[in-house]
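What follows is a single structure, written as structure tokens, with notes after it.
Whatever order the structure lists them in is the order used to number ligands and atoms, beginning at 1. The analysis underlying the following values was restricted to heavy atoms, covering all of them including side chains, and did not include hydrogens, waters or symmetry mates. The structure displayed is predicted, hence computed values, not measured ones.
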Amino acid sequence: MKKSISILLSAAMVGTLALSGCGGEQAPAAVKDPVAGVEAKASTDKYRNYYQIFTQSYADSNGDNIGDFQGIISQLDYLNDGDPNGGEDLGIDALWLTPINPSDSYHKYNVEDYYNVDKDFGTLEDFDKLLEEAHKRGINIILDLVLNHISYKNPLFIEACKEVEAGKLDGKARLFEFHKPDYYSSDTPVITVGDYVCEANFSPTMPEWNLNSEETRQEFTNIAKFWLDRGVDGFRLDAVKYFGNKETDGVEFLKWFVDTCRKIKPDVYLVGEDWSDDSEIKDFYGSGIDSLFAFRFAQSSGDIMQFMSTNQGAQLVKKLASYDSKMSGANPDYINAMFLSNHDQVRIANALESKGVAAEKFAANVYMLTPGNSFTYYGEEIGMTAPGTDSDKYYRLPMVFDSDNLPTITVDGASTVSAPTGGGVKQQLKDEDSLLNHYRRLITVKLQNPEIQRGRITSQQDFGDAQVSGYYIEKDGAKLLVIHNFSPEEEKTVEITDDMMKNAAVRADFLPSVKDKHLEIKDGKITLPAYSSVILKSAD
Ligand code: CA
Ligand code: CA
Ligand code: CA
């Protein structure tokens, strides 16, 4: 029933647009797109719309079926052409590259040399060129830095092993977690070297650094300086969850590393990976780190997907607001890091695609319009799905720029990638109703309204309907009211009173289809279609 009504409405709207275009008399005037003509300003601070690139999988420039730096350079104009008010680019203004250091794995989280790049991806000169070309367009780059573990093939670890086998523990061995076997509980994964063992939580090929030693910290200072001096804008810190152990206070170590990086580069941006509960995340925010990924809201099992399946939007916003106040209590300058999925998780389109592209667009509204930085996993903006769920490689398949010309990059032996339902980048750029164009609009609006990223959720608005969520974002006297309609089927009409916002006007709307009529407040009321969002602001 609802469906046929919305189809009729859409058809009527197309007629309205066509008529108003040629001066039709009977059609009511179309509501102007509130976003049109508003100036977008490029970010010059740490608040960014990040895009995660799995380096192996993005773009291959030389036909060896391995993604590389030159490949990424060739796609920079797609990512951001340098003009926030025009072009056919996605508009992201920061990149997180998964590890680029020499390593024998395709993912390269086992680092053999922290001071170089893997030849599969190019040379250091190629990397410098990528950095230069990205910066030219206003794109920052942060590198994935693996400080918890190392490759067992790294010369430092090989030397340490030789010393340990000879019974010498006060040299290179101090860099790593070498202890007598009875030091660890029986369920701690370890590597055995002579009479000693080294902690290795991730793999027998990934022994762990001893984060508590002066020697390690000197090495890490050198590594941070090497990349920051090169012009890198910051780091994504891998496996922060494993920084602490019996002798190492993980928060103390993280604080030391944050302070060290800031001494080298005062405006460095650091974001850490820890998928634990709120209390551990809060502890780590006490280190002063800029960001930690908000895992609880992400993934197919996280809060955004949970509350989208029950349609309980007001509940989700309650959790977002409480998270915001908790974490800002630990670090007043904290920048939330929201995302839907990353390289370790099933692609979010697997869970959303059956609900339709409107659901994919709406999930994007929810995480992208939360204060802080958003992290979009490459391919998410075109609705790429994972063809399997039993191996990480399926979450890391090559980016589809053109669905008529599928990429041939192989990922851990997997070479089959299928075109997303809406096509590749090339196809979706031409389709004004595509998921990609929806993402482009979201980023544009965030650049038009800097307080979305830089503000805090100061309170929630109860509209007396659990499926409708409302929250206020405030920053330096600017105030926005963001409203989401979590219903997949019903439009919702809500009242906007002077108490909520004086002289409220629509600042931006995010509709399931561009064929939907733009939103307006009429007689103190606004009607949101199913799966739509709106941002209100007092008209000056
Ligand atoms: Ca290549
Ligand atoms: Ca642009
Ligand atoms: Ca560790």
*Rounded to the nearest 0.5 Å, what's the gap from CG on L147 to CG on L237? Could you check?*
6.0 Å
*Enter the distance from I141:CD1 to Y51:OH here, rounded to the nearest 0.5 Å.*
13.5 Å
*asked:* Tell me whether the count of non-hydrogen atoms from other residues, nucleotides or ligands lying under 6.0 Å of NZ in K172 goes above 12.
replied: no
Step through it carefully: locate the ring centre of [X], locate the ring centre of [Y], and say whether they are under 6.0 Å apart.
| X | Y | value |
| --- | --- | --- |
| Y152 | F157 | no |
| F293 | W96 | yes |
| W209 | F220 | yes |

*Verdict with reasoning, I281 to Y334, per side chain to side chain contact (heavy atoms under 4.5 Å, CB included)*: CA-CA 11 Å; I281 302 284; Y334 109 102; over 6 Å; no
_Taking the cut-offs as 6.0 angstrom to the six-membered ring centre and 45 degrees off its axis, would you call K108 and F121 a cation-pi pair?_
yes
*Parallel, tilted or perpendicular: which describes the rings of F243 and F284, with under 30° parallel and over 60° perpendicular?*
perpendicular
*Can you say whether the rings of Y377 and H343 are parallel (under 30°), tilted (30 to 60°) or perpendicular (over 60°)?*
tilted
_Salt bridge flag under 4.0 Å for residues R396 and D344_ = yes
Side chains of residues 404-411: which donor-acceptor pairs under 3.5 Å do they make with residues two or more places apart or in other chains?
| from | atom 1 | to | atom 2 | distance (Å) |
| --- | --- | --- | --- | --- |
| D404 | OD2 | Q427 | NE2 | 3.4 |
| T408 | OG1 | N65 | OD1 | 2.7 |

*Tell me how many protein N, O or S atoms are closer than 3.0 Å to the Ca ion (ligand 2).*
5
_Strictly under 3.0 Å, how many protein N, O or S atoms lie near the Ca ion (ligand 3)? Waters don't count._
3
*Just the protein N/O/S atoms under 3.0 Å from the Ca ion (ligand 1), please, no waters.*
D60 OD1, N62 OD1, D64 OD1, I66 O, D68 OD2
*asked:* Please check this pair: side chain of R440 against backbone of L436, looking for a donor-acceptor N/O pair closer than 3.5 Å.
replied: no
